[in-house]
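Naming: A, B, ... by sequence-line order, numbering from 1 per chain. Below, each value reflects all heavy atoms present in this structure, side chains not excepted, and no hydrogens, waters or symmetry copies.
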There are 2 protein chains.
Amino acid sequence: MLGGTYPPGEPLSEIFLAQQFDVSRTPVREALKQLERESLIEIRPKVGTYVREPTKREIVELFQLKEGLEGMAAGLMARRGRTPSLEFLEKNVKASEAASVAHDSERYAQLVHEFHWALVNGSDNTKLVEHYRLLMNQLAFHRLVLKTVENPRRISASSGEHRLVLQMIQDKDHFGAEAAMRNHVYASARELLGGGRNS
Amino acid sequence: MLGGTYPPGEPLSEIFLAQQFDVSRTPVREALKQLERESLIEIRPKVGTYVREPTKREIVELFQLKEGLEGMAAGLMARRGRTPSLEFLEKNVKASEAASVAHDSERYAQLVHEFHWALVNGSDNTKLVEHYRLLMNQLAFHRLVLKTVENPRRISASSGEHRLVLQMIQDKDHFGAEAAMRNHVYASARELLGGGRNS
DNA sequence: CCGCTATTCCTTGCATACAAGAACACTACG
DNA sequence: CGTAGTGTTCTTGTATGCAAGGAATAGCGG
C-alpha cells in the first residue's frame with residue numbers, strides 16, 4: 001500500500017486515502033490498523049494518523065534483532081545440506097564478487113538484498129521468515145537504510161563476508177555459519193549507523 | 001479478547017461475537033483481522049472464520065524461534081551488568097529451587113513463566129520483546145504447552161538450567177549465557193514435543 | 001433409491017451515516 | 001494587550017444496511 005514514500009510526521013487522513021484508492025474508509029481503516037501494528041504509523045484516537053518516525057534506539061534494536069534472526073537462519077541452513085537455496089546462494093556470491101570488482105554498486109546492492117532473503121528463506125522455517133519480514137518492513141522504509149553503501153572498501157569486505165558465510169554453510173558448520181553471519185550483519189549495521197554497539 | 005478457550009476448528013461468526021460483547025460487527029472485525037495476522041484464526045472470505053490449529057511443523061518452528069530469541073535475550077542481558085531485571089531473576093531462581101524441592105509444580109510453572117519473561121524484558125530491547133510476545137501468543141493458546149510438565153526429574157533439571165543461565169549473566173558471559181539459555185529452551189521443548197530436533 | 005440441479009440461507013466484504021472527542025480559531029472580557 | 005471561554009470543524013470510532021459469494025439443502029428427474 002505505502003509503496004511510495006510519505007514524509008514522516010505527515011498526517012494521513014482516512015478519507016483522503018479512501019479517495020486516493022477509490023474505496024470507502026472501511027478497507028482503508030483495516031490497512032491502517034495493520035500498519036499501526038507494524039509500527040509504521042501511529043493512530044492517535046480522535047486526533048489523526050501520522051507516519052511514524054523510528055527513534056535511533058529503535059533502529060539499533062531492530063539491527064540487533066536482524067543480527068540474531070539472520071544468524072539463526074544461517075545456522076539452520078547450515079544443517080540442511082544441499083538445497084536449492086544453497087545453490088542460489090552460491091550463484092549469488094559469485095555474482096556479488098563480480099559486481100564488487102566491477103564497482104557496480106547498484107547491482108551489488110540488489111545482490112546483497114537477494115543474499116539475505118535467500119538465506120532467511122533457506123532456513124526452512126516459515127515462522128522465522130514471517131518475523132523477518134515484519135522486521136524488514138520496519139527497516140526498509142527508513143531512508144537511513146536506503147542509502148546504499150558505496151564505500152568500495154566496505155563492498156569488498158562485505159563480499160568476502162558473504163563468501164565466508166557460504167563456506168560455513170557448505171561445510172555444514174552451523175556454529176561457524178551463525179557466527180559469520182552475525183559478524184557480517186553487525187559490520188554492515190556499524191557501517192550504516194556509524195560505529196558503537198550500543199546507542 | 002480470546003481470554004478463554006474456543007475449540008480449534010470452531011466457526012466464529014462475527015455477528016455472534018458482536019452479540020456476545022454487545023458491540024457492532026465493526027470492532028469485532030478489526031479484532032479478528034488482528035488475530036488473523038497473528039495466525040491465531042483463519043478467515044476464509046465469504047465462508048467463515050475458524051480457530052486455527054497449528055501444525056506440528058509450525059510448533060517446532062515456533063520453538064526454534066523461541067530458542068533463538070530467548071538465547072538472544074540472555075546474551076543481551078549478560079552485557080548489561082546489574083539491573084532490576086537481574087535482581088528479579090536472582091529471587092526467581094531461589095524461589096524456583098524452593099518450589100522444586102517442595103514438589104510444588106503449580107508454583108514452579110508460574111515461576112518458570114516469570115523467569116522467561118523477566119529475561120526477555122531484561123534484554124532491554126523493546127523490539128525483541130514485541131516479537132517474543134507475538135511468538136508466545138501463538139504458543140500460549142495451544143493446549144500442548146498448557147499441560148505443565150510435572151515430571152520431577154525435569155523440574156529439577158530445569159531449575160538447575162535456570163541457575164546456570166543466571167550464573168552466566170552474573171558473570172557477564174554473554175556467550176555462555178546465550179548457549180545456556182538455548183540449551184534450556186531446547187531441553188524444555190524436547191520434553192514437551194517428545195524428542196527429535198526436526199519434526 | 002441415487003444423482004443432479006436450483007434455490008435458499010449463511011457467511012464475510014464494503015459503503016455510508018452518525019456519534020464522540022480533540023484541536024483550533026475567534027471572541028469577549030479583564 | 002493578554003487570557004480565558006466558547007463554538008466550529010476536523011479527526012477517528014461505531015453502528016447499520018446492502019452486496020457478493022459460497023455451502024448446504026431441498027426438490028426434481030432418472
Side-chain angles (χ1 to χ4, degrees), chain A residues 1-55 58 126-127 129-131 133-134 137-143, chain B residues 1-55 58 126-127 129-131 133-134 137-143:
Chain A
M1 178 174 178
L2 285 179
T5 54
Y6 284 89
E10 188 67 12
L12 296 177
S13 80
E14 296 176 356
I15 188 170
F16 172 75
L17 290 174
Q19 291 172 349
Q20 280 272 359
F21 293 99
D22 198 48
V23 292
S24 79
R25 278 180 53 210
T26 307
V28 171
R29 273 183 64 78
E30 287 181 358
L32 289 178
K33 274 279 185 181
Q34 277 192 8
L35 293 176
E36 185 192 29
R37 278 198 57 81
E38 295 186 16
S39 300
L40 292 174
I41 65 174
E42 178 187 6
I43 301 177
R44 290 164 57 182
K46 310 297 182 80
V47 176
T49 303
Y50 307 90
V51 178
R52 197 157 138 40
E53 173 85 28
T55 66
E58 283 178 307
T126 61
K127 296 297 179 184
V129 173
E130 186 58 25
H131 279 259
R133 196 188 61 76
L134 277 175
N137 270 354
Q138 294 183 63
L139 274 179
F141 288 122
H142 197 260
R143 59 195 187 288
Chain B
M1 177 175 178
L2 284 178
T5 52
Y6 285 88
E10 187 68 11
L12 297 176
S13 78
E14 297 175 356
I15 188 170
F16 172 76
L17 291 174
Q19 291 172 350
Q20 279 272 0
F21 293 100
D22 197 49
V23 290
S24 79
R25 279 180 51 211
T26 307
V28 171
R29 273 183 64 78
E30 288 182 357
L32 289 178
K33 274 280 184 180
Q34 277 192 8
L35 293 176
E36 186 191 30
R37 292 277 307 168
E38 296 187 17
S39 299
L40 292 175
I41 64 175
E42 178 186 6
I43 302 178
R44 289 164 58 181
K46 311 299 183 75
V47 176
T49 303
Y50 306 90
V51 179
R52 197 158 135 41
E53 173 85 27
T55 66
E58 283 179 306
T126 61
K127 295 298 178 183
V129 173
E130 186 58 26
H131 278 260
R133 195 188 62 75
L134 276 175
N137 270 354
Q138 294 183 62
L139 274 179
F141 289 122
H142 197 260
R143 59 195 186 291

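OP1 or OP2 of D:dG13 sits under 4.0 Å from a side-chain N or O of A:Arg29. Contact between the side-chain N/O atoms of A:Thr49 and the OP1/OP2 oxygens of D:dT11 is not found at any separation under 4.0 Å.
For B:Arg44 and C:dT12, the CZ to P distance is 12 Å, given to the nearest whole Å. For the pair A:Lys46 NZ and C:dC24 P, the interatomic distance rounds to 17 Å; values are reported in whole Å. One can place CZ of B:Phe16 at 11 Å from P of C:dT11, the figure rounded to the nearest angstrom. Counting to the nearest Å, the C1' atom of C:dT11 and the CG atom of B:Leu12 are 13 Å from each other. Following rounding to the nearest Å, A:Asp22 (CG) and C:dC14 (C1') show an atom-to-atom distance of 13 Å. Rounded to an integer number of Å, the gap from A:Arg25 CZ to C:dC18 P is 14 Å. One can place CD1 of B:Ile15 at 7 Å from P of C:dT11, the figure rounded to the nearest angstrom. Taking atom CD of residue A:Gln19 and atom C1' of nucleotide C:dA15, one finds them 14 Å apart after rounding to whole Å.
The salt bridge (charged side-chain N to carboxylate O under 4.0 Å, His left out) search around B:Glu38 returns A:Arg37, not counting sequence neighbours.
The two residues B:Leu32 and B:Ile41 make their nearest non-hydrogen contact at O-CD1, 3.2 Å. Nearest heavy atoms, B:Asn137 versus B:Leu40: O-CD2, 3.5 Å.
Nearest-nucleotide positions on DNA chain C place B:Glu14 closer to the 5' end than the other of B:Glu14 and A:Thr26.
If you run side chain to side chain donor-acceptor pair (under 3.5 Å) between B:Arg52 and each of B:Glu36, B:Glu58, B:Gln138, only B:Glu58 comes through.
The side chain of A:Ile43 lies closest to D:dG13, out of D:dG13, D:dT16, D:dA23.
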